[in-house]
Amino acid sequence: HEAGEKRIHGRSHRVMKVLGLTGRAGAGKNEVAAILQKLGTTVIDVDGLGHQLLEQDSAVKERVALAFPAVWDAGSQRIERSQLGDLVFGHPDKLLLLNQIMHPPLRLRVQQSLDALRQQAGAALVLIHAALLQELQFKPLCDKVWTVDSDTPTVIKRLKAKGLSM
């Protein structure tokens, strides 16, 4: 049988491996994820899932709006993500509250994605792309974890290119 496969009851089954990808802001996680995706890796973008939750999950939107009324745009029925970021980053108590709202449904979505991929038996390698891999308790789901880092000038350059300041 081929590498990455195991035999069960005489049949060959593909074994899905899960790789966690983490690192500080501006380290180059997106670049690594893009390279792996081009090579055929299935990527679970946890940041993207968080954006989906804020846009589509009514329970999450309601909880965030109640906790942070200043970020709720009643006209569009949307959470203003940029305002939410400005409100919580640099304020550990507010960030903790946001994480308490967001992390449980994020964990559930990632687990559901992994379960679905295992059922399909099509993915040989799945990447969980999450800056907060440890905080979201994803490490136990991973066979290996890669931490991406870059030198400080490169990190600063990347963050400035994203419109963020140090």
Side-chain angles (χ1 to χ4, degrees), residues 17-37 41-117 125-166:
K17 296 290 184 183
V18 179
L19 175 64
L21 183 69
T22 190
R24 64 182 172 153
K29 295 179 300 295
N30 292 338
E31 289 86 349
V32 172
I35 291 166
L36 290 172
Q37 190 167 31
T41 301
T42 300
V43 176
I44 299 174
D45 176 12
V46 177
D47 195 37
L49 288 176
H51 295 174
Q52 285 179 1
L53 286 172
L54 286 174
E55 292 169 11
Q56 300 169 5
D57 188 303
S58 57
V60 169
K61 285 197 306 189
E62 182 178 340
R63 290 191 66 204
V64 171
L66 288 172
F68 307 101
V71 305
W72 177 249
D73 182 340
S76 68
Q77 298 288 297
R78 295 182 66 156
I79 300 292
E80 294 294 333
R81 284 197 349 253
S82 63
Q83 290 178 13
L84 182 60
D86 291 344
L87 186 66
V88 301
F89 294 114
H91 299 93
D93 57 327
K94 292 178 181 177
L95 182 58
L96 178 64
L97 177 56
L98 178 62
N99 288 345
Q100 288 171 339
I101 295 168
M102 295 298 297
H103 286 187
L106 276 172
R107 282 192 293 272
L108 179 62
R109 289 272 176 106
V110 169
Q111 186 62 62
Q112 289 171 335
S113 296
L114 290 172
D115 291 345
L117 289 164
L125 180 63
V126 176
L127 178 73
I128 300 176
H129 178 339
L132 301 177
L133 195 79
Q134 178 67 31
E135 294 84 346
L136 282 159
Q137 301 168 0
F138 290 150
K139 284 180 100 173
L141 301 176
C142 301
D143 296 295
K144 297 280 183 194
V145 173
W146 287 0
T147 301
V148 180
D149 201 5
S150 294
D151 60 89
T152 301
T154 301
V155 168
I156 292 170
K157 180 180 167 186
R158 285 187 180 125
L159 292 177
K160 284 183 178 178
K162 290 181 180 182
L164 303 172
S165 59
M166 296 289 292

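As the structure is a computational prediction, the values presented were derived from the model and not from experiment. All residue numbers refer to positions in the sequence shown, counting from 1.
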**Q** Within a radius of less than 6.0 Å around NZ of Lys17, do more than 12 heavy atoms belonging to other residues, nucleotides or ligands occur?
**A** no
**Q** Pick from Leu132, Leu136, Ile128, Leu133: which one makes a side-chain contact (heavy atoms from CB on, under 4.5 Å) with Thr22?
**A** Leu133
**Q** Counting only heavy atoms from other residues, nucleotides and ligands, does the tally under 6.0 Å from CD of Glu62 exceed 12?
**A**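 No, because the 6.0 Å sphere around CD of Glu62 holds 12 heavy atoms or fewer from other groups.
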**Q** Where is the tightest heavy-atom contact between Cys142 and Leu19, given as atom of each residue plus distance?
**A**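 Looking at all heavy atoms of both residues, the shortest contact is SG-C, 4.3 Å.
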**Q** Roughly how far, to the nearest 0.5 Å, is the CD atom of Glu80 from the CH2 atom of Trp72?
**A**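 Between Trp72 CH2 and Glu80 CD, I get 10.0 Å after rounding to 0.5 Å.
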**Q** Would you indicate whether the side-chain heavy atoms of Arg158 and Asn30 approach each other to under 4.5 Å?
**A**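 No. Closest side-chain heavy atoms not under 4.5 Å.
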**Q** Mind checking the CZ-CD spacing from Arg81 to Glu55? Nearest 0.5 Å is all I need.
**A**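 Answer rounded to 0.5 Å: 6.0 Å.
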**Q** Would you say Lys29's side chain and Arg24's backbone share a donor-acceptor pair under 3.5 angstrom?
**A** yes
**Q** To the closest 0.5 Å, what do you measure between CG (Leu98) and CZ (Arg63)?
**A** 10.0 Å
**Q** State, with a plain yes or no, whether a side-chain heavy atom of Phe138 is found less than 4.5 Å away from one of Arg107.
**A**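 They are in contact (side-chain heavy atoms under 4.5 Å apart), so the answer is yes.
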**Q** Could you report the tightest heavy-atom contact between Leu114 and Leu141, atom names first, then the distance?
**A**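 Shortest heavy-atom separation between Leu114 and Leu141 comes out as CD1-CD1, 3.9 Å.
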**Q** How close do Leu106 and Gly50 get, counting heavy atoms only, and between which atoms?
**A** CD2-N, 3.5 Å
**Q** Is there a side-chain contact between Leu54 and Met102 (heavy atoms, below 4.5 Å)?
**A**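 The answer is yes; the side chains approach within 4.5 Å.
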**Q** Rounded at 0.5 Å granularity, tell me how far CD in Gln137 sits from NE2 in His103.
**A** 9.5 Å
**Q** Taking only residues two or more places apart in sequence, or in another chain, which ones meet Asp93 in a side chain to side chain contact (heavy atoms under 4.5 Å, CB included)?
**A** His91
**Q** Look up atom CG in Leu36 and atom CH2 in Trp146, then write down how far apart they are to the nearest 0.5 Å.
**A**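 Leu36 CG to Trp146 CH2: 5.0 Å, rounded to 0.5 Å.
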**Q** Let me confirm one number: the CZ-CG distance from Arg78 to Asp73, rounded to the nearest 0.5 Å.
**A** 9.0 Å
**Q** Between Asp57 and Arg109, is a side chain to side chain contact (heavy atoms under 4.5 Å, CB included) present by the stated rule, with each step listed?
**A** CA-CA 11 Å; Asp57 188 303; Arg109 289 272 176 106; 3.9 Å; yes
**Q** Is the backbone N or O of Ala27 less than 3.5 Å from a side-chain atom of Asp149, with the two atoms forming a donor-acceptor pair by type?
**A** no
**Q** Go through the structure and list residues passing side chain to side chain contact (heavy atoms under 4.5 Å, CB included) with Ala67, not counting sequence neighbours.
**A** Leu97, Ile101
**Q** For the pair Asp47 and His51, evaluate side chain to side chain contact (heavy atoms under 4.5 Å, CB included) and give the outcome as yes or no after the intermediate values.
**A** CA-CA 6 Å; Asp47 195 37; His51 295 174; 3.6 Å; yes
**Q** Report yes if the side chains of Lys160 and Ile156 come closer than 4.5 Å at any heavy-atom pair, otherwise no.
**A** yes
